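Encoded as structure tokens, the structure appears first; notes follow it.
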Amino acid sequence: MATFRELGLAPWLAEQARQVGLSRPTAVQAACIPPVLQGRDCLGCAKTGSGKTAAFVLPVLQQLSEDPYGIFCLVLTPTRELAYQIAEQFRVLGKPLGLKDCVVVGGLDMVAQALELSRKPHVVIATPGRLADHLRSSNTFSLKKLKFLVLDEADRLFEQGCADFTADLEVILEAVPARRQTLLFSATLTATLSELKSLAMNKPFFWEAESEVRTVEELDQRYLLVPEAVKDAYLVHLIQTFQDEHEDWSVIIFTKTCKECQILNMMLRKFKFPSVALHSMMKQRQRFAALAKFKSSIFKILIATDLAARGLDIPTVQVVINHNTPGLPKIYIHRVGRTARAGRNGMAITMVTQYDIHLVHAIEEEIKMKLQEFSVEERFVLDILTHVNVTRRECEIELECMDFDEKKEINKRKQMILEGKDPDLEAKRKAELDKIKKKNKKFRDKVQQTLQEQKQLQMKRKLQKRMERKNRLQAKEEK
Ligand SMILES: Nc1ncnc2c1ncn2[C@@H]1O[C@H](COP(=O)(O)OP(=O)(O)OP(=O)(O)O)[C@@H](O)[C@H]1O
């Protein structure tokens, strides 16, 4: 593999990379840095933890050092935590340049951000929502001279998931010049490739790591078949085992909802495990504080929603536990990619209930490999089952007293107002939709019931006939 110098990076930058521990380029860096330096657009698809961030940070810094002006580069990324992580990479690698960066994310003071933007930072790292808000509301900065537009986790930015960035991206794309270099990176680009290609029109260079399997070799991928009702007892047992068997351990547990995340955190704390929660219903300062505590290994367990599924680079994470089987294989790939990064080993354990088997098959099909079973001595789980279930119920009651659901409702309304929707009108629409759904369900149930009854009747008749035939035969034999 070539050196950073051979890829075309300046000596100062190659030296800076070496000093921060990047001695030789990874495959995605070796493939993407030269075309980016040549001025081409780039779409890079490489596995989790393979160094995609430096694959765009390094060439941007090199070009910036040659011709520094205004806001030179804009990086968009789906989560606030990820924005800070990328900014950190720009800072450490761009230290010799005296790089000025600005992070623009939601949940923090907008005025302070507007001031920072007006001071023309070299690089802006932003989540789409907040940057679009700034563009809509102020004219203190311009993106018109931008040289680079980077979309990290590019497929997520264009997905219409629970956070839909489409409207905000439209505002941003209006504000950036058409003549620019566009760089798109993700571990899962392929499904959204055609949409993304329309953004990168400057002799786009597409690179995808050559590999049949979509996850890294160093990752040991397991599943644990558990009945829904005893899931938490298995979880407590797993965590207890890690704690007992390893000196230095660090685990991320992914949950389906914010509420589940909060309850599990409360529950694990009651069992005296050092855990912190990370989900979108927490205040931004709490989110950063939780992540900092986990990164510094003060707390060994991070319980998170899919907010933490993409991009977060915490080298100490040895195990990822999926408390629910992810509904989409893509989410699975990103979640388990929080461990086994940069050549390290790691393990992912996915809890699978009787209702999730089809999801596991979809995951296996996508990643092109089979998950292995993780075995647990069930008697240990049985020993703690009642205690765990009672503790969980206590936590649920505590959370109900904290009006968690009510807060969620308030947040939802706030979000709708921000999106220009009328919450009451939306609620009315939803109620009407629910009514129709209920009616349809009632009809379906009735049809189902009738079919069932007919089936039972047929069975009964069949049985009756069989009995009659038997009786007749018996009577004949007796004669
Ligand atoms: N050339 C290199 N040599 C050694 N380590 C590297 C090199 N490039 C990057 N790394 C390290 O690898 C780790 C993962 O890098 P990075 O976060 O960029 O991965 P990624 O491909 O963006 O992953 P994800 O898809 O999860 O976002 C980081 O800790 C980073 O410092």
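Nothing here was measured: the structure is a model prediction, and the numbers come from that model. Numbers for residues simply follow the sequence, beginning at 1. In listed order, ligands and their atoms are each counted from 1.
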Contact (N/O only, under 3.5 Å) between Thr48 and ligand 1: no

Output yes when a side-chain donor or acceptor of Arg269 lies under 3.5 Å from a complementary backbone atom of Ser275, and no otherwise. yes

Do the charged groups of Glu116 and Lys100 touch, with an N to O distance under 4.0 Å? no

Atom 18 (O) of ligand 1 - nearest protein heavy atom and its distance: Thr53 OG1, 2.6 Å

Geometry only, no angles: is Ala342 polar-contacting ligand 1 at N/O separations under 3.5 Å? no

Gap between atom CG of Asp155 and atom OG1 of Thr188 - 0.5 Å precision: 3.5 Å

Could you tell me which residues satisfy side chain to side chain contact (heavy atoms under 4.5 Å, CB included) with Glu217, sequence neighbours excluded, listed by chain and number? none

Any Lys/Arg nitrogen of Lys295 or Asp313 sitting under 4.0 Å from an Asp/Glu carboxylate oxygen of the other? no

Atoms in ligand 1 flagged as close to Lys47, the criterion being non-hydrogen separation under 4.0 Å: 21 (O)

Taking a cutoff of less than 4.0 Å between a non-hydrogen atom of the residue and any ligand atom, is His334 in contact with ligand 1? no

Show which atoms of ligand 1 fall inside a sub-4.0 Å distance from at least one heavy-atom site of Arg338. 26 (O)

Residue, atom name and distance, where the atom is the protein heavy atom closest to atom 29 (O) of ligand 1: Asp313 OD2, 2.5 Å

Which distance, rounded to the nearest 0.5 Å, do you find between the CE of Met281 and the CZ of Arg287? 12.0 Å

Of all the non-hydrogen atoms in the protein, which one sits nearest to atom 1 (N) of ligand 1, and at what distance? Arg24 O, 2.7 Å

From CA spacing to verdict: side chain to side chain donor-acceptor pair (under 3.5 Å), Asp109, Gln113: CA-CA 7 Å; Asp109 185 13; Gln113 286 173 358; over 6 Å; no

Is it true that Glu366 and Arg214 make a salt bridge, defined as a side-chain N closer than 4.0 Å to a carboxylate O? yes

What protein heavy atom sits nearest atom 21 (O) of ligand 1, and how far off is it? Lys52 NZ, 2.8 Å

Leu22, any N or O under 3.5 Å of ligand 1 N or O: no

With sequence neighbours left out, what residues match Thr182 under side-chain hydrogen bond (donor to acceptor under 3.5 Å, both in side chains)? Arg180

Looking only at distances, can you tell me whether any N or O atom of Gln85, backbone or side chain, sits closer than 3.5 Å to an N or O atom of ligand 1? no

Would you please determine whether Glu153 falls within less than 4.0 Å of ligand 1 on a heavy-atom basis? yes

Distance from atom 23 (O) of ligand 1 to nearest protein heavy atom, with residue and atom: Gly49 N, 2.8 Å

Minimum-distance protein heavy atom relative to atom 17 (O) of ligand 1: Arg341 NH2, 3.0 Å

What protein heavy atom sits nearest atom 4 (C) of ligand 1, and how far away is it? Gly21 O, 3.6 Å

Do Phe288 and Tyr84 have ring centroids that are under 6.0 Å from one another? yes

Does Lys52 qualify as a cation-pi partner of Phe185, given the criterion of NZ or CZ under 6.0 Å from the six-membered ring centre and within 45 degrees of its axis? no

Kindly confirm or rule out an N or O of Ser23 lying under 3.5 angstrom from an N or O of ligand 1. no

Protein heavy atom at shortest distance from atom 8 (N) of ligand 1: Gln29 NE2, 2.8 Å

Numbered atoms and elements of ligand 1 in range of Ser50, under 4.0 angstrom, heavy atoms: 19 (O), 20 (P), 21 (O)

